[in-house]
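Just so you know, these numbers come straight off a predicted model, no measurement behind them.
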Amino acid sequence: IGCRQIEAKEKAGFVLNETQWRSAAAVALSQEAAGRRLERGACTEQEEYDDDGSADDTEEATFPPHFMWGTATAAYQIEGAWNEDGKGMSIWDCQSHTLGEVINGDTGDNACDHYHRIEEDVQLMVNMGLKYYRLSLSWPRILPNGFATHVNKKGIAFYNKLIDTLVACGIQPVVTLYHWDLPLALQVQHDGWLNPKIIVPAFEDYARICFERFGDRVNYWITINEPWCIAWLGYGTGEHAPGRRHSPGHEPYLAAHSLLLAHANAVALYRAEFNPKGTGKIGITLNADWCEPLPTEDLEARQANARAAERAMLFNLGWFADPIYRGKYPAEMRATCGDRLPRFTDEERALVMNSNDFFGLNHYSTNYGAPTPPSTAKTSSYATDVEVAMSSDPSWAKTDMGWNVVPFGFRKLVEWIHARYDPTGGIIVTENGCAVHEPTKEMALKDEFRIKYYHDYLTELQRAVDSGVDVRGYFAWSMMDNFEWAFGYSKRFGLHHVDYETLKRSPKASARWFTLVVKANHILPII
């Protein structure tokens, strides 16, 4: 029995040490005796295996009971099938097909072909023992022109199949309504997120259809992923779709305002019509790096750097979190931007305020912050409005994205959120992870750098939890290598390696390590 269990592990691509082999055999024996080996629809349950003994060590600090462990992906980054079965075009279809906008001319046309590989990919999650999986829905796959006047039945069928497969395998779907792939028609014909009179009700109609069609099996909803990236990278720098860059001091603020109103209207709809008993949860996911004051021996400069770091946090995370938890934009933003920063009506303020059932957080990195003089440029820009210069410590390691690896920043960030907002429903880390340079499959499968990143970041998260910060979940980004937006396929974040020629998935060492962490509900040593 133990040999069969170990053989199953090896076929799944996991390599166990001698102690883990013995543990796997013992678990298999006990489960076989209890008659607990199951076949569930499209997935086969992966029987559990232990680590080197620490999983049962009661002296280890553990995460809270019922902690949400999962992995995450996004529709455009993995689905492919960009023009199949009635799907409409998205702004990322357009962006990636525009010469010079994506490295190597890569597109999401095929991506990881998840559209045709639901069972295979869900089985990877079963192999890891996951109980949660964060996915996103493609708005143009469901509503090809962005409006509810035409619902694509095949798009609905695809997501029904995906959700049904997850549920059959004991995995709860955490569903994001919008992860950047806006229907192209809404952008071209109606200016996208710059036109709240069109986009806000269109998003509410889209949300309604999703709640109606999938809500009986989905208990966790995320309205919008990383509005900061949408507003600034899409409507400021132009490096993300829709690629607008000619008004960086105005359009990002207009887009952000529309995003907040769309989020709030979708939440109000869900609470009133689809979740009257409050059993489901809905919120927005915000991204934030931590800004640490630039160290200095000079007392006056140290105080100035501390103010600058706080200002950076408010212009980044506070831009979206303050309206939700405090009812208005940060005073620092209003003082700098004036009327360039839109204002909420009393009705809108009431709608946006308290529109989160949890605080969704994506975090990757940390920078030092120090003040810069107010800009004298004739053209305004969000970048100069912040008035903070970012820098790094030369001792900090960097990911393949060039982002600093600073685990203590993770702890300080969630502590800051807890202190400033004290969010109802706690914090759910909906993304955290790193890109690693993996030019060959052999290197990818031995991703020690990624394991250390996860280990060290989770250690700091554990410290925050132990100090009283209410953190209720953690989702690793990403379940598999995928299309990394403007970087195409040149950056790999996955726990599973994807061969983009054959589309074969292979679990990396980090997948094995994370599997054991999920089972143990505490951080394991790096073996």
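Of all heavy-atom pairs between Val267 and Ser355, the closest is CG2-O, 3.5 Å. Pairing each heavy atom of Asn367 with each of Ser392, the nearest pair is OD1-OG, 4.3 Å. Nearest heavy atoms, Pro144 versus Pro183: O-CB, 4.3 Å. For the residue pair Arg326 and Met353, the shortest heavy atom distance occurs at C-SD, 3.5 Å. Of all heavy-atom pairs spanning Phe147 and Leu186, the tightest one is CZ-CD2, 3.4 Å. Smallest separation of non-hydrogen atoms from His263 and Gly283: CE1-C, 4.0 Å.
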- Message: Quick one, Leu413 with Leu361, criterion side-chain contact (heavy atoms from CB on, under 4.5 Å). Give me CA distance, side-chain angles, the key distance, then yes/no.
- Response: CA-CA 10 Å; Leu413 174 59; Leu361 175 66; 4.0 Å; yes
- Task: Could you check His246 against Tyr235 for side chain to side chain donor-acceptor pair (under 3.5 Å), going step by step and ending with a plain yes or no?
- Result: CA-CA 8 Å; His246 69 279; Tyr235 292 85; over 6 Å; no
- Task: Could you walk me through whether Asp322 and Arg420 pass salt bridge (charged side-chain N to carboxylate O under 4.0 Å, His left out), step by step?
- Result: CA-CA 9 Å; Asp322 267 34; Arg420 184 173 180 86; 2.8 Å; yes
- For Asp289 and Thr366, what are the C-alpha separation, side-chain angles and deciding distance, and is it a side chain to side chain donor-acceptor pair (under 3.5 Å)? CA-CA 5 Å; Asp289 290 345; Thr366 288; over 6 Å; no
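Between the Ser90 side chain and the Asp93 main chain, a donor and an acceptor come within less than 3.5 Å of each other. The closest donor-acceptor contact from the side chain of Asn482 to the backbone of Met480 lies under 3.5 Å. Side-chain N or O atoms of Ser138 include one that pairs as donor or acceptor with a backbone N or O of Arg141 at under 3.5 Å. At least one donor-acceptor pair closer than 3.5 Å links the side chain of Asn432 to the backbone N or O of His363. Judged purely by atom type and a 3.5 angstrom limit, Arg450 has no side-chain atom pairing as donor or acceptor with the backbone of Ser510. A side-chain donor-acceptor contact under 3.5 Å links Asn275 to the backbone of Gly280. A donor-acceptor contact shorter than 3.5 Å is absent between the side chain of Thr372 and the backbone of Ala389. Distance alone, capped at 3.5 Å, places no donor-acceptor pair between the Glu204 side chain and the Pro201 backbone. In this structure a side-chain-to-backbone donor-acceptor pair under 3.5 Å is present from Arg311 to Val386. Checked by atom type and distance alone, the side chain of Arg302 pairs as donor or acceptor with a backbone atom of Thr296 at under 3.5 Å.
A distance of 4.5 Å separates CG in Asn404 from OG in Ser365, rounded to the nearest 0.5 Å. From Leu177, atom CG reaches atom OG of Ser136 across 9.5 Å, with rounding to the nearest 0.5 Å. Going from atom CG of Asp205 over to atom CG of Leu143 covers 8.5 Å, rounded to the nearest 0.5 Å. Atoms CZ and CD, on Phe493 and Gln77 in that order, are 9.0 Å from each other to the nearest 0.5 Å. Distance check, rounded to the nearest 0.5 Å: NE2 of His240 to CD of Glu101 gives 10.5 Å.
Side-chain atoms of Asn521 and Thr62 include no donor-acceptor pair closer than 3.5 Å. Checked by atom type, the side-chain pair Ser478/Thr73 shows no donor-acceptor distance below 3.5 Å. Between Asn287 and Glu226, the side chains place no donor N or O within less than 3.5 Å of an acceptor N or O (distance only, hydrogens not considered). Side chain to side chain, Asn356 and Tyr325 meet the donor-acceptor criterion of an N or O pair below 3.5 Å. Using a 3.5 Å distance cut-off with no hydrogens or angles, the side chains of Ser96 and Tyr76 do pair a donor with an acceptor. In this structure, a donor-acceptor pair under 3.5 Å is absent between the side chains of Asp191 and Gln187.
Open room surrounds CG on Asp346; 12 or fewer heavy atoms of other groups in view lie less than 6.0 Å from it. In this structure, Asp298 places its CG atom where more than 12 heavy-atom neighbours from other residues, nucleotides or ligands lie under 6.0 Å away. For Lys398, the NZ atom counts as densely surrounded, since its 6.0 Å shell holds more than 12 non-hydrogen atoms of other residues, nucleotides or ligands.
Using cut-offs of 30° and 60° on the angle between ring planes, the pair Tyr457 and Phe410 is tilted. Ring geometry for Tyr421 versus Trp416: interplanar angle over 60°, hence perpendicular rather than tilted (30 to 60°). Using cut-offs of 30° and 60° on the angle between ring planes, the pair Phe274 and Phe211 is tilted. Using bins of under 30°, 30° to 60° and over 60° for the plane-to-plane angle, the ring pair Phe483/Trp92 lands in the perpendicular bin.
When side chains are defined from C-beta on, Asn265 does not count as touching Leu269, because their heavy atoms never get closer than 4.5 Å. The closest side-chain heavy-atom distance from Pro227 to Leu286 is below 4.5 Å. In this structure the side chain of His114 never reaches within 4.5 angstrom of the side chain of Met479, judged on heavy atoms. At a threshold of 4.5 Å between non-hydrogen side-chain atoms, the residues His418 and Phe359 do not count as touching. The shortest side-chain heavy-atom distance between Ile428 and Phe475 falls under the 4.5 Å cut-off. Proximity of Tyr382 to Thr336: side-chain heavy atoms (C-beta onward) are nowhere separated by under 4.5 Å. For the pair Gln172/Met68, no side-chain contact is recorded, criterion being any heavy-atom separation below 4.5 Å from C-beta on. When side chains are defined from C-beta on, Val174 does not count as touching Trp221, because their heavy atoms never get closer than 4.5 Å.
For the salt bridge (Lys or Arg N to Asp or Glu O under 4.0 Å) with Asp357, the qualifying choice from Arg472, Lys281, Arg271 is Arg271, the only one to do so. Only one option out of Ile199, Asn195, Val200 pairs with Lys197 in a side chain to side chain contact (heavy atoms under 4.5 Å, CB included); it is Asn195.
Taking the ring centroids of Tyr474 and Phe63, they lie at or beyond the 6.0 Å cut-off. Checked against the 6.0 Å centroid criterion, the rings of Tyr368 and Trp290 do not qualify as a close aromatic pair. Ring-centre distance between Trp82 and His97: below the 6.0 Å cut-off. The aromatic ring centroids of Tyr178 and Trp180 lie 6.0 Å or more from each other.
In summary, Glu460 and Arg411 engage in a salt bridge, as defined by a charged side-chain N under 4.0 Å from a carboxylate O. A salt bridge is absent between Glu239 and Arg245: the closest approach of a Lys/Arg side-chain nitrogen to an acidic carboxylate oxygen does not fall below 4.0 angstrom. Remark: Asp181 does not engage Lys87 in a salt bridge, criterion side-chain N to carboxylate O under 4.0 Å. Residues Arg217 and Asp164 are paired through a salt bridge, judged by an N-O separation under 4.0 Å between the basic side chain and the carboxylate. Ion pairing of Arg134 with Glu431 is present here, as a side-chain N (NZ or NE/NH1/NH2) and a carboxylate O approach within less than 4.0 Å. With respect to the salt-bridge test (charged N to carboxylate O, under 4.0 angstrom), the residues Asp385 and Arg340 qualify.
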